[in-house]
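Structure, as structure tokens:
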Amino acid sequence: VVCGGVASNMAVRDRLSALAAAHEVTPLYPPVRLCTDNGVMVAWSAIERLRLGVSDDPSELEVRARWPLGQSYKATGSETS
């Protein structure tokens, strides 16, 4: 899934499509009109993951309305700055 503002760039799409074809991978692109809305991009990525049968167990995810800048979340569940 190629999403976000970069996915609205047709030159980038063309190059990624050629690269994907060379590696026998099928890229997924949302409609260009949706590519600049970050909320839509998050939802689109989730939809494509569900279509492929890839999902995470929601009970194992930490949901935070605001995540401080400069912090990341590692698979171990610890935050670092």
(message) Could you see if Val2 belongs to whatever hydrophobic cluster contains Val32? Use Ile, Leu, Val, Met, Phe, Trp, Tyr and a side-chain cutoff under 4.5 Å.
(response) no

(request) May I ask you to test the Ser17-Tyr29 pair for a side-chain heavy-atom distance under 4.5 Å? (result) yes

(message) Do Leu19 and Met10 land in one hydrophobic cluster if side-chain heavy atoms of ILVMFWY residues count as linked below 4.5 Å?
(response) no

(message) Test question: given the 4.5 Å side-chain rule for I, L, V, M, F, W and Y, name all other residues clustered with Ile47, or answer none.
(response) none

(message) Give me the atom names and distance for the closest heavy-atom approach of Val12 to Asn9.
(response) N-OD1, 3.0 Å

(message) Return the CZ to OG distance between Arg13 and Ser8, rounded to the nearest 0.5 Å.
(response) 7.5 Å

